[in-house]
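Please read all numbers here as calculations on a predicted model, not as lab measurements. This chain uses plain numbering: 1 for the first residue, then up along the sequence. In each ligand, atom 1 is the first atom listed, and ligand 1 is the first ligand listed.
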Amino acid sequence: MVAHFPVVIVGGGPIGLALAADLGWRGISCLVLEQTDGRIAQPKMLTVGSRTMEYCRRWGIAKEVRAAAIPADYPRVSLYATSLRGKAVMQFTAPGPGNNSWPYGPEPRERCGQTWFDPILKKFAGSQPGVSIRHLCKVTRIEQSAEAVTLSVEDTHTGKSETITAGYLVGCDGAGSFTRGAMGINNIGLEKATRSMNMFFECDDLVSLHDKGPVLMFHPIRKVGGGLLTTIDGKRQWRLSTEDFADDYKPSDADVARRIREAVGCDFDFRITAIVIWTRRHLIAERYREGRVFLAGDAAHQLSNSGGFGMNTGIGDALDLSWKLEAAVKGWAGPGLLDSYEAERRPIALRNIEEARGNIAGGRGLALGDDIDADTPEGEATRQRIRDLILKRNLHRIEINPGVELGYRYEGSPIICPDGTPEPPTESITYTQTARPGSRAPHAWIDGHDRSTLDEFGQGFVLMSWGASKEAEAIAEAARQRGLPLRVVQGSRETAPLYEYKLVMVRPDGHVAWRADTAPANSFDMVDRLRGA
Ligand SMILES: Cc1cc2nc3c(=O)[nH]c(=O)nc-3n(C[C@H](O)[C@H](O)[C@H](O)COP(=O)(O)OP(=O)(O)OC[C@H]3O[C@@H](n4cnc5c(N)ncnc54)[C@H](O)[C@@H]3O)c2cc1C
């Protein structure tokens, strides 16, 4: 008998796992098919953004992620210097879990490499009833009809093939997405690709070799080489990344060792653990949907790692899609709901690609003179010119970007009801909370620091009401009749100024869908719009 699942996810990377986690949490059965054995040899992703952390909080795994991350008191210092032992040109400290300087939400961004993050996500997803995760299963064929998707799956261990059917299929199968190819969806290139190299090494006491103290991100300023040296575990694991290699470049251990020593600025003992050559691309799929098949994560967009947006953008995709798939499976979705996924998420990917491109471009060409390290007035003048350039280019945005992480909004979405207020300016380094429709619903602590307003959201819609019980009841009745899951929550006096209106409707993904001081003229019309009818 052919196995059937409401949703099949191709790819068990962070996006496939996040989608499975959220679907499972919603009680939707799904199957994740991953072609590898699931082991992660070297981490790509190191930065878990604060919105992703907020979703981890929803699933009850934020503490576990934090415990696996680099220590909370590890300084979030970004340093610009010629080498770790060279002259410091500039440094700044990003807000982090250790310095209580994150006013925007309950969960600051974290540094928890993929080696630790993915297994936590996998354990949670796999613990949800209805979620199956199968490894060594490669999807080799995808076909669809109006009613279902049929796929062929090869067991990469035995070579045996089986057929599975699905109500919906989501391709979370990464940059080379088989799903994208099978659906005939093209990628649109937004910039020339560059070849980069990640050099992983271990050193027990790197911090004792220089006078800069513990550093999270070190940007070596060099005419040739440059790049980024970053800690992986806050202890002994490091990664040096440099770019602009020729296509035929073949690294030798000696060459890699030289680059590492140049970045640190002295000869020292270390152990190279891996060398990975990869291609930095800025790409977006021309569309995110073909019938019952969707793309999410790197399958839909690829962006430079400058800023730590890649996985976090993909997890945003997963969380936008999961409640819509739930609605489709449970039967309360209107015909336009699943189409709104691309309408909402593709513009966010384009925005984040632009941010990442700006960051990578801004970090280039900083080595303005040959005397950067010189202990002379001329050397100091050169360092000052570089400092000015770093400030002019706002390079702290690489590590401090709450507007990118939390300030994305679904402007013009067909399933959001605009309230007529003007669109606020786009933010990246700063972030201003707002309950304007399309935005992430604002965070405020309630009950001291135990609960956030965000803890109310997730399963179903939440209608926040500040003294508008009768109007809220009219809307709740319309929702009931349409099958749209909705809870009415009385807002507190403290949170009223943040939400501004007496009635604010928050979607299952935590974004505001509608707000007003009174019920709409026809609550059914409003509810229908929110469910894509
Ligand atoms: C150097 C570097 C640093 C980065 N740092 C960050 C960061 O700090 N923060 C951040 O947010 N992002 C970062 N990124 C980006 C991030 O790693 C990616 O965006 C993220 O891994 C994408 O996840 P994904 O699940 O979409 O794809 P992937 O991680 O590529 O996973 C796709 C999975 O699909 C499987 N698969 C493929 N084809 C099939 C098939 N036919 N059948 C079954 N399985 C299949 C693959 O085996 C793979 O496991 C970084 C990227 C790089 C290169």
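Residue contact check for ligand 1: Ser241 places no non-hydrogen atom closer than 4.0 Å to it.
Ranking the protein heavy atoms by distance from atom 50 (C) of ligand 1 puts Asn305 CB, 3.8 Å first. In terms of protein heavy-atom proximity, atom 41 (N) of ligand 1 is nearest to Val139 O, 3.2 Å. In terms of protein heavy-atom proximity, atom 12 (N) of ligand 1 is nearest to Met311 N, 2.9 Å. Given atom 34 (O) of ligand 1, the protein heavy atom at minimum distance is Gly11 CA, 3.2 Å. Residue, atom and distance of the protein heavy atom nearest to atom 19 (O) of ligand 1 are Asp298 OD1, 2.7 Å. When hydrogens are left out, the protein atom nearest atom 38 (N) of ligand 1 is Asp173 CB, 3.5 Å; that is the closest non-hydrogen contact. Scanning all protein heavy atoms for the shortest distance to atom 32 (C) of ligand 1 gives Cys172 O, 3.4 Å. Remark: minimum distance from atom 6 (C) of ligand 1 to any protein heavy atom is reached at Met45 CA, 3.4 Å.
With sequence neighbours left out, His282 forms a ring-ring contact (aromatic ring centres under 6.0 Å, His included) with no residue at all. Every ring-ring contact (aromatic ring centres under 6.0 Å, His included) that Tyr431 has, sequence neighbours left out, goes to Tyr104.
Using a cut-off of 4.0 Å between Lys/Arg side-chain N and Asp/Glu carboxylate O, Glu147 and Arg292 are scored as not salt-bridged. Between Asp155 and Lys138 there is no salt bridge, since no side-chain nitrogen of the basic residue lies less than 4.0 Å from a carboxylate oxygen of the acidic one. With respect to Glu290 and Arg287, a salt bridge is recorded, a charged nitrogen being found less than 4.0 Å from a carboxylate O. Remark: Arg440 does not engage Asp509 in a salt bridge, criterion side-chain N to carboxylate O under 4.0 Å. A salt bridge is absent between Arg58 and Glu54: the closest approach of a Lys/Arg side-chain nitrogen to an acidic carboxylate oxygen does not fall below 4.0 angstrom. Under a 4.0 Å N-O distance rule, the pair Arg76/Glu110 qualifies as a salt bridge. The residues Arg271 and Glu202 are annotated as salt-bridged, a charged nitrogen and a carboxylate oxygen being separated by less than 4.0 angstrom. A salt bridge links Arg357 to Glu354: one of the charged nitrogens lies within less than 4.0 Å of a carboxylate oxygen.
With ligand atoms numbered from 1 in the order given, ligand 1 contributes 42 (N), 43 (C) to contacts under 4.0 Å with heavy atoms of Cys137. Residue-ligand proximity, Phe178 to ligand 1, at heavy-atom distances under 4.0 Å covers atoms 41 (N). For ligand 1, the atoms lying closer than 4.0 Å to a non-hydrogen atom of Val10 are 40 (C), 42 (N), 43 (C). Near Thr36, meaning under 4.0 Å from any of its heavy atoms, are these atoms of ligand 1: 47 (O). Numbered from 1 in the order shown, with element, the atoms of ligand 1 that lie under 4.0 Å from a heavy atom of Leu33 read 43 (C), 44 (N). Remark: ligand 1 atoms within the under-4.0 Å shell around heavy atoms of Gly297 are 26 (O). For ligand 1, the atoms sitting less than 4.0 Å from at least one non-hydrogen atom of Asn198 are 1 (C), numbered in the order shown with element in parentheses. Counting atoms of ligand 1 from 1 in the listed order, those under 4.0 Å from a heavy atom of Pro14 are 21 (O), 23 (O), 25 (O), 29 (O).
Residue contacts with ligand 1: Ala175 is placed with no nitrogen or oxygen under 3.5 Å of a nitrogen or oxygen of the ligand (distance criterion only).
Contacts between Phe309 and ligand 1 below 4.0 angstrom, taking non-hydrogen atoms only, involve the backbone exclusively.
Comparing Lys44, Glu34, Arg239 by heavy-atom distance to atom 4 (C) of ligand 1, the nearest is Lys44. Atom 44 (N) of ligand 1 has its nearest heavy-atom neighbour, among Arg280, Gln35, Glu405, in Gln35.
A ring-centre distance under 6.0 Å is found for Tyr288 and Tyr341.
No side-chain heavy atom of Phe218 sits less than 4.5 Å from a side-chain heavy atom of Thr231.
Taking the six-membered ring where the residue is Trp, Tyr80 and Phe92 present tilted rings, their angle falling between 30° and 60°.
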